[in-house]
**Q** 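Pasting a structure here, questions to come.
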Amino acid sequence: MPLQLYNTRTRRAERFQPRREGQISIYVCGLTPSAQAHLGHARSFLFFDLLRRYLAFSGYRVTYVQNVTDIDDRSIEAAHRLGVSWREIVAGYYAEFKRSMARLGVREPDQEPYATDFIPQIRETISALIERGYAYVASDGIYYRVGKFAGYGLLSNRNIAELEAGARIEIDEAKEEALDFALWKFAKPGEPHWPFEPYGDGRPGWHIECSAMSHALLDPEGTGFDIHGGGADLIFPHHENEIAQSEPLMARPPMANFWLHGGLLLFDNRKMSKSLGNFEPLSDVLDRHDPQAIRLLFLRTGYGKVMNFTEEAMAGAVATLERLRRDYRALHAAASGADGRVTEGGALTARVVEALDDDMNTAAALREVLAAASAPLDGDARERLSELRTLLSLLGLEPDERWLAAPVERPLPEDLARALRHEIGEPWLDGVEDARAALDRVINERLAARANKDWSRSDRLRDALARCGIDIKDGKEGSTWSVVR
RNA sequence: GGCGACGUAGCCAAGUGGUAAGGCAGGGCUCUGCAAAAGCCCCAUUCGGCAGUUCAAAUCUGCCCGUCGCCUCCA
């Protein structure tokens with residue numbers, strides 16, 4: 001079965017066909033770095049990363065563009081509040097976002113255009129819209145005339161009359177109609193601005209940068225590109241407005257054949273927001289949880305579905321990942337560590353491909369991979385290993401050194417020596433300042449106690465270590481320790 | 001008010017006409033000085049509710065209830 005994808009534009013799953021044989025162009029709406037990114041962003045970009053990987057895996061040459069809307073009201077506001085330039089605000093948040101994406105194993109886009117690097121193209125687009133009657137100049141900016149575009153509302157399945165009846169849009173005196181939106185905002189004192197003759201200095205409105213940049217980078221002929229993506233909250237008004245800005249100027253619409261939207265992530269059944277008090281920066285989440293476990297968690301839910309995040313579900317993903325790594329390690333050992341052999345077209349691969357062809361059913365794909373990893377070995381371990389490795393990296397779960405080394409050695413807590421002295425309070429620990437040295441002494445002391453069958457002393461020492469974040473496991477082969485916090 | 005999505009065990013979630021995957025949590029057992037880890041086993045006669053279609057419904061239809069999202073900045 002060929003690849004089927006749910007297309008927001010037609011509201012059904014359709015067979016995916018690239019516009020040009022073997023090549024696929026994707027434009028995904030990236031971040032507006034005027035605040036810290038959160039886990040919801042991660043879910044969205046993780047999905048588009050997977051889509052890229054799968055299309056490349058399927059043999060397509062993929063061009064993936066993800067923009068940066070580096071100018072908007074909030075970053076200007078934040079700059080004023082903090083007394084720094086808006087560029088610093090944007091650079092800071094974007095750098096943090098990039099670090100988080102790297103930790104999640106999200107590949108860098110082929111191009112990351114910044115809105116403010118495309119001011120000439122933005123001006124050109126606006127000028128063309130004015131010429132054709134789709135835009136007009138008002139006192140405080142240049143607006144798009146929504147009533148002029150017959151296709152308005154098709155993507156988001158709304159009609160103009162209903163939108164107007166919504167009446168939640170503030171009536172701006174400068175605009176002709178409530179639904180009209182800004183293409184260009186004339187500069188107010190103290191705001192960043194760029195020249196735009198003959199209309200007036202100002203800055204681009206939100207939406208126009210995507211029309212200008214996707215045209216410039218993916219569709220210079222104006223005949224459209226393959227896939228346009230983003231979070232479900234961008235369907236209206238952002239993507240609707242992009243279409244309205246782009247299609248009247250195109251030689252042959254539609255702007256994009258496929259519109260793909262990632263489902264929103266909820267926390268406590270609410271969209272994450274600072275005002276609700278459920279906001280946590282992505283970088284903090286990544287400090288608390290293994291990025292691969294986060295990726296695995298998202299793989300278990302359909303990409304387009306609303307998903308509720310809970311720490312319980314996260315813990316489940318961590319446990320699944322640990323088991324997967326263990327299984328992989330066992331397989332690696334069975335194969336004597338041999339790898340590098342490429343096995344193509346195995347039965348497992350066929351099942352994974354079938355799952356992903358069905359509108360990127362990652363839950364089914366993951367299920368196959370997990371089952372294969374834990375199934376008893378009935379054939380060639382080396383073949384199983386290389387096929388598994390290929391599929392794991394297709395899913396973005398690269399088997400790295402952690403997969404082969406157990407237990408994971410995390411850095412020892414900084415104040416371990418002091419904490420142990422405090423917990424144990426025996427003279428043989430006096431003066432030991434080094435964490436590792438203190439740990440070794442306690443472990444040796446405990447081993448001695450165990451050799452003497454002094455179980456109560458042994459248990460006391462184990463409890464003390466546990467309170468200091470060190471987990472001890474006794475087995476037939478001796479004792480092992482690991483850092484649990 | 002308009003548009004849309006969803007409602008499957010304590011939690012997350014797969015499954016879209018053929019008789020309820022999986023994970024986490026929980027319970028039991030094996031192992032162990034004990035604990036943990038690991039392994040094995042158990043854990044929804046039932047899919048928000050009520051009607052209907054059908055030989056057959058979690059899956060289709062209708063109505064109702066509930067939750068969430070978008071309609072304003074938003075991945």
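All values below were derived from every heavy atom in this structure, side-chain atoms included, with hydrogens, water molecules and symmetry-related copies excluded. The structure presented is a predicted model; accordingly, all values stated were derived computationally and were not measured.
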**Q** Tell me, please, which residues at least two apart from D454(A) pass salt bridge (Lys or Arg N to Asp or Glu O under 4.0 Å).
**A** none
**Q** Going by salt bridge (Lys or Arg N to Asp or Glu O under 4.0 Å), name the residues that satisfy it together with E191(A), two or more places apart in sequence or in a different chain.
**A** R203(A)
**Q** Which pairs pass side-chain hydrogen bond (donor to acceptor under 3.5 Å, both in side chains) with one or both residues in residues 254-263 of chain A, sequence neighbours excluded?
**A** T8(A)-H261(A), H239(A)-H261(A)
**Q** Once salt bridge (Lys or Arg N to Asp or Glu O under 4.0 Å) is applied, do any residues pair with R457(A), and if so which ones, sequence neighbours excluded?
**A** E426(A), E445(A)
**Q** With sequence neighbours excluded, what pairs up with E88(A) under the side-chain contact (heavy atoms from CB on, under 4.5 Å) test?
**A** V84(A), S85(A)
**Q** List the residues meeting ring-ring contact (aromatic ring centres under 6.0 Å, His included) with Y328(A), not counting sequence neighbours, and say none if there are none.
**A** W403(A)
**Q** Does anything in residues 444-461 of chain A reach RNA chain B, meaning a heavy atom under 4.0 Å, and if so which residues?
**A** R446(A), R450(A), W455(A), S458(A), D459(A)
**Q** For D474(A), what residues pass the salt bridge (Lys or Arg N to Asp or Glu O under 4.0 Å) criterion, not counting sequence neighbours?
**A** R446(A), R450(A), R462(A)
**Q** Among all residues two or more places apart in sequence or in another chain, which pass the side-chain contact (heavy atoms from CB on, under 4.5 Å) test with A135(A)?
**A** L129(A), I130(A), I142(A), L183(A)
**Q** Cut-off 3.5 Å, no hydrogens considered: what does the side-chain donor-acceptor table look like for residues 89-96 of chain A, sequence neighbours left out?
**A**
unit_1: Y94(A); atom_1: OH; unit_2: E112(A); atom_2: OE1; d: 2.5
unit_1: E96(A); atom_1: OE1; unit_2: Q36(A); atom_2: NE2; d: 3.4
unit_1: E96(A); atom_1: OE2; unit_2: Q36(A); atom_2: NE2; d: 2.9
unit_1: E96(A); atom_1: OE2; unit_2: S283(A); atom_2: OG; d: 3.2

**Q** Give me the atom names and distance for the closest heavy-atom approach of Y136(A) to R145(A).
**A** CB-NH2, 3.3 Å
**Q** Please measure how far the P atom in G18(B) lies from the corresponding atom in A56(B), and state the result in whole Å.
**A** 14 Å
**Q** Anything under 3.5 Å between a protein N or O and an N or O of nucleotides 21-28 of chain B, put it in a table, one pair a line.
**A**
unit_1: G23(B); atom_1: O3'; unit_2: R323(A); atom_2: NH2; d: 3.3
unit_1: G23(B); atom_1: O2'; unit_2: G316(A); atom_2: O; d: 3.2
unit_1: G23(B); atom_1: O2'; unit_2: T320(A); atom_2: OG1; d: 2.9

**Q** Check RNA chain B against residues 238-246 of chain A and give the residues with a non-hydrogen atom under 4.0 Å, in numerical order.
**A** none
